[in-house]
Amino acid sequence: MLESVSGIEGKMSDFRKTIKKYVPFAFIILVLFLLFHYWDDLVGLARLCIKAGMSLFVGFGIAYIVNILMKVYEKVYYKAFKKEGKLRRAICVILAYITIIAVITVIIVAVGPQFVKSLITVMTSAINRADEMLAVLSKDERFGIYAAKVLEMMPKGKDMSGIIEKVGGFLLNGASGTFSSLAASLSSIVSGFASVFIGLVFSVYILLDKEHLKTQFRELIRVYVYRGDKILKFFGILNTNMHNYIVAQVTDATILGTLCGLGMWILRLPYPVLSGVIVAVTALIPVVGAFLGIVISAFIIFTVSPVKALIFIIYLLVLQQIDNNLIYPKVVGENVNLPSIWVLAAITIGGSLFGVAGMLCAVPIAATAYQLIRDDYKKRVIEEKQSEPVESQVLDGEADEEPGQEVVEKSGKNKKKNIE
C-alpha cells in the first residue's frame, strides 16, 4: 500500500515538473498568437496609452537625463561642503537644469541662423542653375519649345531670390502675423508645449523625491509581481547600461564635435562651429549618426565651395576612423558590451518603431537582453556540468592518468616503509 502511494506521489511530482517545463513555451505561443491576430488593436491601444501618459513619459525621460548631471553636481557639492540634505538636492537640481537649458540655447543660436542662411543660398543657387540650364535647352531643337514654356512660367532669378529671402526672413524672425490662419498647427504646438511643461514639472518632483519613489517601486514589484526579484534585476542592469551608454555617447560626441570644429578652423573651411555642432549632435545616434552629420555639413559647405566640401568629407572620414579605433573604445570601453551586428539590428528595429527615440534607447535595451541571456546560458552550462554522474567523472579522471603512474606511486610507498 505504501509503495503504491509513493509511486503515485512520484508520478505526480514528475507531472508537475513536466508542466513547469512546458508552461513557458505555451505562454510564448499564446502571446505570439495574440500578437498575430490582434496586432492592429494592440497597436491602437498602445498608442492611446502613450498619448494619455505622454506628459508623464516626457517627465520621466527628462528626469532620467537630468539625474545624470545632478549626480555630478551632488558629488562636487559634497566634496566642497561635506553636507547632505534637501538643500543640496535642490541646489544641484537647479544647476543641472540651468546647464542643460544653456547647452540647448547655445546649440540653437549657433546652428539655427547659419543653417537657414545656407538653405537660402542653396535654393537661390539651384534656381539660378535651373535658369541657365533651361536657357541652354531652349536652343535645342528637341527641347526648345518645352524649355521656353517653362522659362515663361517661372519668375526671374532675381525675383525668385527675393521670394526665398523673404521666406528665410520669415523663418528667422518669426511669423507673428500669420498664426490666425494656422489654427490646427497652433493647437498642436500648444499641446506639445503643454506636455513638455507638465513633464518638466513632473521631472522636478521625481528628482526631489527619487529615493522614496525608488523604494516604493521596488516594494510594489517585489510584493505584487511574480518573480519580482528577476524583474528588478532586469531594471537594474538596464539602468546601468542606459546610464553608461548616455554618458559614453555624450562624451564621445563632444570630443568628435570639438575635433571637427578645430580641424576645420585649421584647414580654413567655412562654418566650423556650425559643422562641429551638427556632427556632435548627430553622433549621439549610434552607427548612422556620424555619416548623417557628414552629409548635412558637407551639403552646407557645398554652397560655398564644392572643393572645400570634398576636403571636409575626407577630413571627417579620417577623423571618424580615429574615433572608431582609438577614442570610442577608450571612452565607452566595455560599458555596453554588444556585438556590432546586434547594435545595427537594434537601431533598425527601434528606429522603425519609435523613430529617433527608438534608436537611442534600443541599444541599451538590446545590451541588457544580451547580458541576461549570456548569464543564463553560462549558469545552465555550469549546472549541467555539476549534474553529470560522479562515476563518469571518476572514469574520465582515471582515463587521463598514465598507465604506469599507480605502480610507481605504490612502489614509492613501499620503499618509504622499508626505510622506516
Side-chain angles (χ1 to χ4, degrees), residues 64-73 75-76 95-119 242-305 307-336 340 343 347 356-357 359-360 363-364:
Y64 192 88
I65 295 173
V66 175
N67 179 59
I68 297 173
L69 189 58
M70 185 190 72
K71 287 182 178 179
V72 177
Y73 281 125
K75 291 180 180 179
V76 175
L95 290 175
Y97 276 106
I98 290 175
T99 304
I100 293 176
I101 292 172
V103 171
I104 294 174
T105 303
V106 170
I107 291 174
I108 293 174
V109 171
V111 174
Q114 292 186 11
F115 183 78
V116 174
K117 290 178 181 178
S118 301
L119 186 62
M242 184 73 74
H243 178 273
N244 294 337
Y245 177 74
I246 292 174
V247 172
Q249 285 293 121
V250 171
T251 305
D252 180 70
T254 304
I255 295 173
L256 186 62
T258 304
L259 292 177
C260 173
L262 184 62
M264 292 179 66
W265 179 75
I266 294 173
L267 296 173
R268 304 300 180 187
L269 297 177
Y271 304 121
V273 177
L274 174 64
S275 299
V277 172
I278 291 174
V279 170
V281 172
T282 55
L284 295 174
I285 304 174
V287 181
V288 298
F291 297 101
L292 182 63
I294 292 174
V295 171
I296 296 174
S297 301
F299 175 75
I300 295 173
I301 297 172
F302 185 82
T303 61
V304 178
S305 172
V307 176
K308 291 183 178 181
L310 180 61
I311 296 173
F312 168 78
I313 293 173
I314 296 172
Y315 170 68
L316 255 292
L317 289 176
V318 174
L319 183 61
Q320 188 64 29
Q321 292 299 317
I322 297 173
D323 178 70
N324 291 335
N325 296 302
L326 295 178
I327 301 174
Y328 192 81
K330 294 293 183 181
V331 173
V332 179
E334 296 182 354
N335 290 330
V336 182
S340 300
V343 171
I347 292 169
V356 177
M359 289 184 179
L360 297 175
V363 175

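- Side-chain contact between Gln249 and Val363: absent, with no pair of heavy atoms (C-beta onward) separated by less than 4.5 Å.
- Atom OG of residue Ser305 and atom CG of residue Leu269 lie 9.0 Å apart, to the nearest 0.5 angstrom.
- When all heavy atoms of Ala280 and Ala253 are compared, the pair lying nearest together is O-CB, 3.2 Å.
- Contact annotation: the side chain of Thr99 approaches that of Tyr73 to within less than 4.5 Å [non-hydrogen atoms, C-beta and beyond].
- Side-chain contact between Met70 and Tyr97: absent, with no pair of heavy atoms (C-beta onward) separated by less than 4.5 Å.
- To the nearest 0.5 Å, atom CG of residue Leu259 and atom CD1 of residue Ile266 are 9.5 Å apart.
- Contact record, Met264 with Tyr271: CE-O, 3.6 Å, taken as the closest heavy-atom pair.
- Note that CD1 of Ile255 and SG of Cys260 are 14.0 Å apart. Values are rounded to the nearest 0.5 Å.
- In this structure, Ile300 and Ile278 have side chains that are in contact, with non-hydrogen atoms separated by less than 4.5 Å.
- A donor-acceptor distance shorter than 3.5 angstrom exists from the side chain of Thr282 to the backbone of Val279, with no hydrogens or angles considered.
- Interatomic distance, CD1 of Ile294 versus CG of Leu292, reported as 9.5 Å (0.5 Å rounding).
- Nearest heavy atoms, Lys308 versus Arg268: NZ-O, 3.9 Å.
- Distance check, rounded to the nearest 0.5 Å: CG of Asp252 to CG of Asp323 gives 4.0 Å.
- By the side-chain hydrogen bond (donor to acceptor under 3.5 Å, both in side chains) test, Thr254 is found to be paired with no residue, residues two or more places apart in sequence or in another chain being considered.
- With sequence neighbours left out, the side chain to side chain contact (heavy atoms under 4.5 Å, CB included) criterion links Tyr315 to Leu267, Leu319.
- When all heavy atoms of Tyr64 and Met242 are compared, the pair lying nearest together is OH-CB, 3.3 Å.
- Taken from CG in Leu284 to OH in Tyr245, the straight-line distance is 8.5 Å, to the nearest 0.5 Å.
- Every side chain to side chain contact (heavy atoms under 4.5 Å, CB included) that Lys71 has, sequence neighbours left out, goes to Asn67, Lys210.
- In this structure, the side chains of Pro270 and Phe312 stay at 4.5 Å or more apart for every pair of heavy atoms.
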